[in-house]
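In this chain, numbering begins with 1 at the start of the sequence shown.
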Amino acid sequence: MQHIQSYIEEHKDRFLNELIDLLKIPSISADSAYKNDVLKTADAIKTSLELAGCDHVEVCETEGYPIVYGEKIIDKNLPTVLVYGHYDVQPPDPIELWTSPPFEPVIKATELHPEGAIFARGACDDKGQMYMHVKAMEFMTKTNQLPCNVKFMIEGEEEVGSVNLSKFVKNNQKKLKNDVILISDTGMIAKDVPSITTGLRGLSYVEVEVTGPNRDLHSGLYGGAVANPINVLTKMIASLHDENNHITIPGFYDKVENLSDAERAEMAKAPFSLEDYKKALDIDAVYGEEGYTTNERNSIRPTLDVNGIWGGYTGEGAKTVIASKAYAKISMRLVPHQDWEDITQLFKTHFESIAPAGVKVKVKPHHGGQGYVTPIDSIGYQAASKAYQDTFGTTPIPQRSGGSIPIVSLFEQELKSKTILMGFGLNSDAIHSPNEHYGVWNYFKGIETIPLFYKYFTELSK
């Protein structure tokens, strides 16, 4: 790929400004109040793909938010790369913890990003990383260096479980036919330690409801005589882990893959400072399942976490009530071979069984997805590795991620192709949190590296 660095240098201000304009649109798929903004973002992506050189782009309607599809087919005998990304973002709450408004992007220098980082919701997850692919496409088409066919599928419901993507993929297999799928929605170990994500955890996400009396009660008149749903819920949740932080749901670990000592030793070669990890999070100790390291706990082991809990009076001042209902949202991150639907049923059966007399329990499944592992001997992985070697000057480390991208296993099932996860974010980028940001250096490094993947994948496919 000739002149890629000079092309980026020539257009870097425009590349940044285009991303900033995209980040200004609050495309929050979880909140219907932002419906028009989500639709506006889809239209903006369509325009960007057209300007980047796609010959055909369409906004494909679904029962929810649309999927933007684009393609440039230069020769049907050449390989086809399908790029997946998403244009929706997480809600920005709690707003008061942001140091700048979440949808008014600003570039600020940080310790890890002295050249500056873009602070905005969606900067890293996933608008910034998705848009790298659009700009990489622009470079290849404008300089006549596109070596193969390209298809784009950018959706607007990833942050709410990709509700309608499955149906779209199943109904459009011919349109989406490809030789490899390329995604940037993960991260790398450090700016000087590139890595390729080779494994993702699955997900089961549920909401639970505990109901006691038929109305809120006076805590003085009824306290001690009637089951308090909030007290009951907290006890039930606490019982889901034992003293070793092992999940107590019967059958939960039956299909968990236990990695060999050799595999665990290979993973341990990745640079990691426990002290820096604790410092970055402002904690004095780590926590988790006994017998595993921090990096193993957040990647190769399943987990169960409460994501939200509420009930009763939470306003200013005092209101002495026993709430009629209490609620919690719970996510379980799963490892390959754990089926998310099976785990959801195991959770439901167990949680209902431990409810004491005096309360009723409901478990409402929300969404989920399977885990995924990609082989490191595939042509796609080799092409990605060579691309990183060229731009970073070092061989990337294969790394399993603790995150979940449920649609990756769907792609392999329906489209029969492997996915390569080329992420350029960092763990410190605060995705899903206040002050999400994405390094300017990382953004441009992605644009520089992605075209080389196309080059090497095409060469290795011959």
Side-chain angles (χ1 to χ4, degrees), residues 27-35 38 62-65 67 86-94 121-122 125-126 155-170 185 200-211 229-230 233-234 236-237 240-241 247 249 251-252 255 298 302-311 325-336 338-355 359-372 401-411 413 431-433:
S27 51
I28 305 168
S29 54
D31 189 338
S32 59
Y34 294 90
K35 178 179 179 179
V38 180
T62 73
E63 293 179 11
Y65 289 119
I67 293 165
H86 64 93
Y87 61 83
D88 63 323
V89 301
Q90 282 273 323
D93 310 77
R121 172 58 85 227
D125 181 22
D126 178 46
E155 69 154 324
E157 296 184 330
E158 197 275 346
E159 298 294 5
V160 290
S162 299
V163 182
N164 292 291
L165 185 68
S166 175
K167 185 182 296 185
F168 180 82
V169 171
K170 290 178 180 179
D185 196 11
L200 295 164
R201 289 194 289 190
L203 174 68
S204 169
Y205 192 94
V206 301
E207 182 175 323
V208 299
E209 173 188 304
V210 176
T211 303
I230 300 175
L233 176 60
T234 55
M236 292 173 69
I237 288 173
L240 296 175
H241 292 89
I247 296 164
I249 299 171
F252 187 86
K255 295 182 180 179
N298 64 25
T303 60
L304 184 152
D305 286 291
V306 178
N307 303 129
I309 186 167
W310 69 99
K325 292 179 179 288
Y327 305 85
K329 292 181 185 289
I330 296 171
S331 65
M332 291 163 281
R333 299 287 176 170
L334 313 175
V335 294
Q338 283 185 297
D339 182 90
W340 77 270
E341 292 178 318
D342 290 346
I343 293 297
T344 300
Q345 186 58 50
L346 287 174
F347 176 91
K348 183 177 187 295
T349 300
H350 177 68
F351 205 73
E352 291 173 346
S353 75
I354 62 175
V359 299
K360 297 185 286 291
V361 171
K362 289 183 181 179
V363 177
K364 177 184 177 182
H366 273 295
H367 62 270
Q370 313 295 20
Y372 181 78
S401 169
S404 304
I405 309 179
I407 44 81
V408 172
S409 58
L410 168 72
F411 289 160
Q413 176 184 332
I431 63 172
H432 292 209
S433 301

Quick check: do [X] and [Y] have side-chain heavy atoms less than 4.5 Å from each other?
X	Y	value
Tyr372	Ile405	no
Val208	Met236	no
Asp125	Asp185	yes
Leu203	Trp340	no
Ile309	Thr234	yes
Val210	Lys360	no
Ile28	Pro92	yes
Phe347	Ile330	yes

Determine the minimum heavy-atom distance between [X] and [Y], stating which atoms define it.
X	Y	result
Arg201	Thr303	NH1-CG2, 3.5 Å
Pro91	Ala30	CG-CB, 4.1 Å
Ser29	Gly156	CB-O, 3.4 Å
Gln338	Pro302	OE1-CB, 3.4 Å
Asp342	Asp339	N-OD2, 3.0 Å
Ser166	Leu410	CA-CD2, 3.5 Å

Do the side chain of [X] and the main chain of [Y] share a donor and acceptor less than 3.5 angstrom apart?
X	Y	answer
Arg333	Ser204	no
Asn298	Gly402	no
Gln370	Pro336	no

With rounding to the nearest 0.5 angstrom, report the [atom1] to [atom2] distance, [X] to [Y].
X	Y	atom1	atom2	value
Asp88	Asp126	CG	CG	9.0 Å
Glu159	Asp31	CD	CG	13.5 Å
Glu158	His86	CD	NE2	4.0 Å
Met332	Leu304	CE	CG	5.5 Å
Ser27	Gln90	OG	CD	11.0 Å
Tyr327	Leu233	OH	CG	11.0 Å

Side chain to side chain contact (heavy atoms under 4.5 Å, CB included) for Phe252 and Leu334? Distances and angles first, verdict last. CA-CA 10 Å; Phe252 187 86; Leu334 313 175; 4.1 Å; yes
Counting neighbours of NZ on Lys329 that are heavy atoms of other residues, nucleotides or ligands and sit closer than 6.0 Å, is the number greater than 12? yes
Run the numbers on Thr62 and Lys167 for side chain to side chain contact (heavy atoms under 4.5 Å, CB included), then give the verdict. CA-CA 9 Å; Thr62 73; Lys167 185 182 296 185; over 6 Å; no
Step by step, would you call Ile67 with Glu157 a side chain to side chain contact (heavy atoms under 4.5 Å, CB included)? CA-CA 9 Å; Ile67 293 165; Glu157 296 184 330; over 6 Å; no
Test side chain to side chain contact (heavy atoms under 4.5 Å, CB included) applied to Glu155 and Asn164, Val163, Leu165, the passing residue: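 Exactly one option meets the side chain to side chain contact (heavy atoms under 4.5 Å, CB included) with Glu155, and it is Leu165.
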Audit row: Tyr205, Asn307, side chain to side chain contact (heavy atoms under 4.5 Å, CB included) steps and yes/no: CA-CA 10 Å; Tyr205 192 94; Asn307 303 129; 3.2 Å; yes
Decide, yes or no, whether a salt bridge links Glu209 with Lys364 under the criterion of side-chain N to carboxylate O below 4.0 Å. no
